[in-house]
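Values in this document were obtained by computation on a predicted structure and should not be read as measured data. Quick note on labels: first sequence line is chain A, next is B, and so on, each numbered from 1.
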Amino acid sequence: MLEKTFDPKTAEPRLYEAWENSGAFAPTDDPKAEPFSIVIPPPNVTGSLHIGHALNNTLQDVLIRFERMRGKAALWLPGTDHAGIATQMVVERQLAAEGNVGRRDMGRDAFVAKVWEWKAKSGGTIVNQLRRLGASCDWSRERFTLDEGLSAAVRKVFVGLYKENLIYRDKRLVNWDPHFQTAISDLEVEQREVDGHFWHFAYPLEDGSGEIVVATTRPETMLGDTGVAVHPSDERYKALVGKKVRLPIVDRLVPIVADEYADPEKGSGAVKVTPAHDFNDFQVGKRHGLEQINILDDFGRINTSAPADYAGLDRFVARKKVVEAFEAADLLRGIEKTRHVVPHGDRSGVVIEPYLTDQWYVNAEVLAQPAIKAVEQGDTVFVPKNWEKTYFEWMRNIQPWCISRQLWWGHRIPAWFGPDGAIFVAETEQEAEAAARAHYGKDEPLSQDEDVLDTWFSSALWPFSTLGWPEKTSDVARFYPTHTLITGFDIIFFWVARMMMQGIHFMGDVPFKRIFINALVRDAEGKKMSKSKGNVLDPLELVDEYGADALRFTMTAMSGQARDIKLSRQRIEGYRNFGTKLWNATRFAQMNGCARAAGFDPAQVKVPLNRWIVGETARTAKAVTDALADCGFDETANGLYRFIWNQFCDWYVEFAKPLLTGDDEAARDETRATTAWVLDVILKLLHPVMPFVTEELWGQTADLGAPREHQGFLMTARWPDLPQSLIDPAVDADIGLMIEAIVEGRSVRQGLNVPPAARPPLLVVDATPAHRKVLEEGAALVERLLRVSEVRFVDAAPAGSIPYVVGGATLALPVAEFIDIAAERARLTKETANLATDIERTAKKLDNADFIARAPEEVVEENRERLAEAQAALAKLQSALARLGVAA
RNA sequence: GGACGUGUAGCUCAGCGGGAGAGCACCUCGUUGACAUCGAGGGGGUCACAGGUUCAAUCCCUGUCACGUCCA
């Protein structure tokens with residue numbers, strides 16, 4: 001006998017271990033099985049499971065379990081990302097906390113060794129947390145972006161792109177993060193709106209004939225100014241173009257140039273130009289041949305290009321000092337408060353500086369073209385489709401991708417410099433040396449580039465590097481391209497777009513055929529969850545409290561497309577209860593001898609109730625299968641919920657009770673067998689979403705009755721494929737009538753406060769022969785569920801009985817003694833009024849010649865029926881109302 | 001400023017040309033064995049607003065307002 005409730009705490013770890021040990025997570029070797037692969041969006045190795053991971057990985061697991069049960073060679077390939085900055089940050093922080101020497105004092109090799117040490121000890125956290133969620137990843141294929149194999153892929157790709165001139169080295173402005181002292185890509189910059197000031201500075205003209213006023217939000221950059229720009233058509237300044245101003249503080253003469261970048265409408269119409277520290281000014285400077293003076297160091301301090309009393313100052317200290325100097329010199333012409341957008345590092349949170357350095361770039365524009373085309377022609381589709389617009393928008397305006405980072409943790413760039421600065425790019429040092437020898441005609445000492453690659457450079461290769469590329473492995477042949485990528489929209493640019501580019505370029509085929517973009521999880525108030533706001537729901541805590549199945553079901557049910565998910569505990573609790581409901585239904589079945597019958601054929605059942613549930617099961621199986629095949633996760637969950645709770649438990653089990661305990665042996669046996677069969681189908685259909693409770697029930701009912709076709713785990717059982725011919729519309733209608741007779745009858749009873757203990761008869765006043773037959777045969781059920789003494793067929797309803805109309809039948813409850821006549825008159829009056837309105841509207845519609853002429857035949861017919869039914873019901877209620885008058 | 005999206009019951013959301021649904025919350029009632037992690041019933045919505053298309057609009061089109069996200 002089953003326990004009273006399912007205990008996830010003990011069952012989940014036990015079941016997961018059993019699955020994993022059985023090898024069920026690996027794809028089948030069957031060569032006939034169609035491959036179906038998913039690569040996990042690799043979480044940062046520093047990460048721990050947050051609610052977004054829970055959603056994303058639940059959906060992947062639902063899909064992979066479904067396809068596995070459908071007989072595919074299903075591979076869900078897991079792994080983690082080395083996460084350059086994030087990991088380096090964690091380890092540095094740890095070193096500091098432990099009172100160790102810092103990274104720089106320690107030296108590169110020692111530090112990297114420390115990081116590996118950290119990874120070995122703490123890097124597996126998230127992977128184990130995925131297990132708690134029930135993720136059926138093939139752990140035997142687990143990868144890490146810094147693995148030897150993946151590193152080989154990175155080197156090969158780098159060298160390949162370099163040889164095609166798609167990777168190049170360039171000196172230009174980058175987004176410089178003074179906190180980490182590294183360049184970062186455009187995508188890693190967050191534009192934040194902050195309060196600031198516009199300082200208006202007067203620059204005296206060289207000839208002493210006056211001044212020109214410029215405004216800036218970053219006064220310290222004036223130390224690097226090399227020009228002033230005015231608009232060419234700006235009459236105010238026409239005469240000044242070509243003259244020079246004398247920069248205060250630095251005492252440098254800089255030219256006034258005419259450039260369309262200057263906006264005559266803004267401020268004074270003149271702008272200062274700092275080519276080395278502003279992206280726009282960089283362009284202006286290039287156009288006019290202005291000098292580029294770098295005034296910062298790697299830490300964001302003023303360097304020695306500035307006057308001595310500024311050198312070494314932090315940029316924000318220098319800002320103040322510059323303003324003070326202008327004020328002291330009586331050259332400060334105004335201060336204006338403003339809100340403006342300032343770039344911040346997404347990891348460090350500090351203000352980013354445009355900074356002139358040598359970096360490596362990928363010519364993304366070239367790689368983007370085939371990636372755009374692939375989505376245009378549908379080789380890869382986005383689900384929901386709208387996201388392709390976001391993808392196109394970015395891809396069509398793509399900028400060069402800065403891929404070098406001044407970090408130590410990551411893939412070292414495979415480039416070596418000769419003594420004269422010549423560059424040798426090669427997959428190995430030996431090859432680089434050989435190339436250098438050929439170049440110089442002799443051995444020369446080489447030094448490898450100190451920088452590492454952007455983490456996303458290696459994740460861009462994930463769909464093929466993890467399968468073993470550049471080796472020609474059977475996995476590459478079998479599982480590339482992968483089928484579906486499930487990920488969040490926040491990394492469409494960072495990751496998805498770049499996988500598309502690299503996959504197509506190196507594999508000649510898209511990395512995945514379908515991209516499902518899942519929603520973003522927020523708290524119940526719709527706020528993005530973050531530790532600082534303290535509104536984080538920890539998925540592991542939720543798993544502890546409600547079980548993994550409940551969390552998974554919640555995630556699945558709420559995964560409606562392209563929306564935010566606002567998560568609340570109540571919701572999870574409700575779905576935990578759903579699991580309990582199924583558990584108890586199974587327990588009920590077990591208690592009533594429901595067991596699989598050998599050779600049971602659902603198409604052969606005779607009892608109408610059984611025919612009905614078999615049909616409903618087939619209907620649900622098809623709906624769930626179709627939904628899952630289309631990534632309709634929420635539909636899947638909601639459909640199963642309704643079927644299991646509102647149809648199977650609420651009606652089938654209730655209706656089956658008399659049959660299970662009755663004397664009709666044939667009906668009893670058939671009902672037992674049917675129940676067992678339906679439950680087995682339910683377990684299969686629900687398994688992808690709630691793997692634990694279903695697997696447990698599957699195991700616990702393994703010995704009930706005839707052995708199953710599939711003896712092993714539910715997770716490896718075959719997905720149900722039921723013909724729709726199992727649906728019998730006539731039986732549907734009959735059971736529907738029964739349900740309606742009971743539901744409406746209950747409504748009448750409770751609406752009139754008839755005591756629950758009262759057992760009046762149910763009178764059937766008039767009914768078609770078919771309806772009469774159904775109610776006759778179902779009498780016992782109606783008696784039990786409507787709490788009536790009997791179902792009696794009469795010619796007319798006695799005075800004071802309360803009628804209600806169901807389908808074509810008029811039913812009545814003689815409960816006059818219990819009820820408030822006035823209340824009942826009010827009820828009937830309200831109902832007749834509703835019917836009258838409905839009749840009026842429908843009649844009006846049917847009177848409309850345009851409607852008759854233009855509306856589809858079935859709609860017209862439907863309205864005719866509606867009218868007829870409403871009129872009949874109205875007549876019945878009116879006569880009841882009349883009788884009520886008599887009774888009163 | 002541009003792009004995308006969203007405004008439906010108190011809350012979270014489905015629906016999307018032919019008289020609006022679910023879960024939770026709320027109110028009332030109910031323990032003789034599947035389940036109180038339950039059962040039964042009920043209240044509650046000019047489907048943001050204004051125009052238009054249509055025999056018919058919550059659904060399609062246009063505009064307005066509000067909110068959100070991303071990109072400048």
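Between the C1' atoms of B:A36 and B:U31, the separation comes to 8 Å (whole Å). Between B:C61 and B:G18, the distance separating the two P atoms is 15 Å to the nearest Å. When the C1' atom is compared between B:U12 and B:C26, the two are found 16 Å apart, to the nearest whole Å. Across B:C49 and B:U6, the matching C1' atoms stand 15 Å from one another, rounded to whole Å. When the C1' atom is used for both B:A34 and B:C38, the distance is 10 Å, rounded to whole Å. Rounded to whole Å, the P atom of B:A40 lies 46 Å from the corresponding atom of B:C4. On the P atoms, B:C71 is 26 Å away from B:G63, given to the nearest whole Å. Distance check on atom C1': B:U69 versus B:A14 gives 22 Å, rounded to whole Å.
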request  = Apply side-chain contact (heavy atoms from CB on, under 4.5 Å) to A:H344 and A:V189, showing your working.
outcome  = CA-CA 6 Å; A:H344 287 73; A:V189 176; over 6 Å; no
task = Would you sort out whether A:N577 and A:T580 count as a side chain to side chain donor-acceptor pair (under 3.5 Å), showing the intermediate values?
result = CA-CA 5 Å; A:N577 297 352; A:T580 308; 5.0 Å; no
key: From CA spacing to verdict: side chain to side chain donor-acceptor pair (under 3.5 Å), A:Y652, A:T675   = CA-CA 9 Å; A:Y652 178 75; A:T675 304; 3.3 Å; yes
ask   = Can you list the steps and then say if A:K657 with A:E654 is a salt bridge (charged side-chain N to carboxylate O under 4.0 Å, His left out)?
value = CA-CA 5 Å; A:K657 280 176 180 172; A:E654 290 306 324; 3.2 Å; yes
Intermediate values then yes/no, side chain to side chain donor-acceptor pair (under 3.5 Å), A:T671 and A:N610 = CA-CA 6 Å; A:T671 304; A:N610 293 333; 3.2 Å; yes
key: A:M690 vs A:L582, side-chain contact (heavy atoms from CB on, under 4.5 Å): CA-CA, chis, key distance, verdict   = CA-CA 11 Å; A:M690 296 187 126; A:L582 173 64; over 6 Å; no
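Ring pair A:W394/A:F493 is parallel by interplanar angle, where below 30° counts as parallel and above 60° as perpendicular.
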task = Starting at the 5' end of RNA chain B, write a dot or bracket for each base, bracketing those in Watson-Crick or G-U wobble pairs whose two distances are under 3.5 Å and using | for partners on another strand.
result = ((((((((.[[[[.)..(..]]]].(((((.......))))).....[[[[[..)....]]]]]))))))).
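Nearest nucleotide to the A:F489 side chain, out of B:G19, B:U69, B:G41: B:U69.
Atoms CD1 and CG, on A:I572 and A:D549 in that order, are 13.0 Å from each other to the nearest 0.5 Å. The line from CD of A:E862 to CG of A:L867 is 13.0 Å long, rounded to the nearest 0.5 Å.
One cannot find a donor-acceptor pair under 3.5 Å joining the base of B:A72 and the side-chain atoms of A:E393. Contact of A:K581 with B:C35 (side chain to base): a donor-acceptor pair of N or O atoms is detected under 3.5 Å.
A:R587 comes within 4.0 angstrom of the backbone, heavy atoms only, and of no base. Within 4.0 Å of A:K657, counting heavy atoms only, lies at least one base atom of the nucleic acid. No contact: A:P755 has no heavy atom under 4.0 Å from any strand. Counting non-hydrogen atoms under 4.0 angstrom, A:E654 reaches a base of the nucleic acid. At the heavy-atom level, A:R749 lies nowhere under 4.0 Å from the strands shown.
The shortest distance between the side-chain N/O atoms of A:K4 and the OP1/OP2 oxygens of B:U37 is not below 4.0 Å. Listed pair A:S747 / B:G42 meets the phosphate criterion, a side-chain N or O lying under 4.0 Å from OP1 or OP2. Between A:N638 and B:G23, a side-chain N or O to OP1/OP2 separation shorter than 4.0 Å is absent. Here A:N577 reaches the OP1 or OP2 of B:C38: one of its side-chain N or O atoms lies under 4.0 Å away.
Between the CH2 atom of A:W394 and the C1' atom of B:G2 there is a distance of 18 Å, rounded to whole Å. At whole-Å resolution of the value, CZ in A:R576 and P in B:A36 are 12 Å apart. Summarising the geometry, the separation between CZ on A:F578 and P on B:A22 is reported as 17 Å, rounded to the nearest angstrom. Atom CZ of A:F494 is separated from atom P of B:C71 by 8 Å (rounded to the nearest Å). Separating the CD atom of A:E573 from the C1' atom of B:C38 is a distance of 13 Å, rounded to the nearest angstrom. Spacing between atom CG of A:N386 and atom P of B:C70 amounts to 17 Å, rounded to whole angstrom units. Atoms CD1 (A:I491) and P (B:U69) sit 19 Å apart, rounded to a whole Å. Between the P atom of B:A72 and the CG atom of A:N175 lies a distance of 10 Å, rounded to the nearest Å.
Geometrically, A:R498 engages A:W401 in a cation-pi contact, judged by NZ or CZ lying under 6.0 Å from the ring centre and within 45° of the ring axis.
Judged by closest nucleotide on RNA chain B, A:C649 is the one of A:W645 and A:C649 placed further toward the 5' end. Both A:Q191 and A:R642 lie near RNA chain B, and the one whose nearest nucleotide falls closer to the 5' end is A:R642.
No side-chain heavy atom of A:Y546 sits less than 4.5 Å from a side-chain heavy atom of A:T554.
For RNA chain B, the neighbouring residues in residues 735-746 of chain A, judged by any heavy atom under 4.0 Å, are A:V743, A:R746.
A:R569 and A:E541 are joined by a salt bridge, as a carboxylate oxygen and a charged side-chain nitrogen come within less than 4.0 angstrom of each other.
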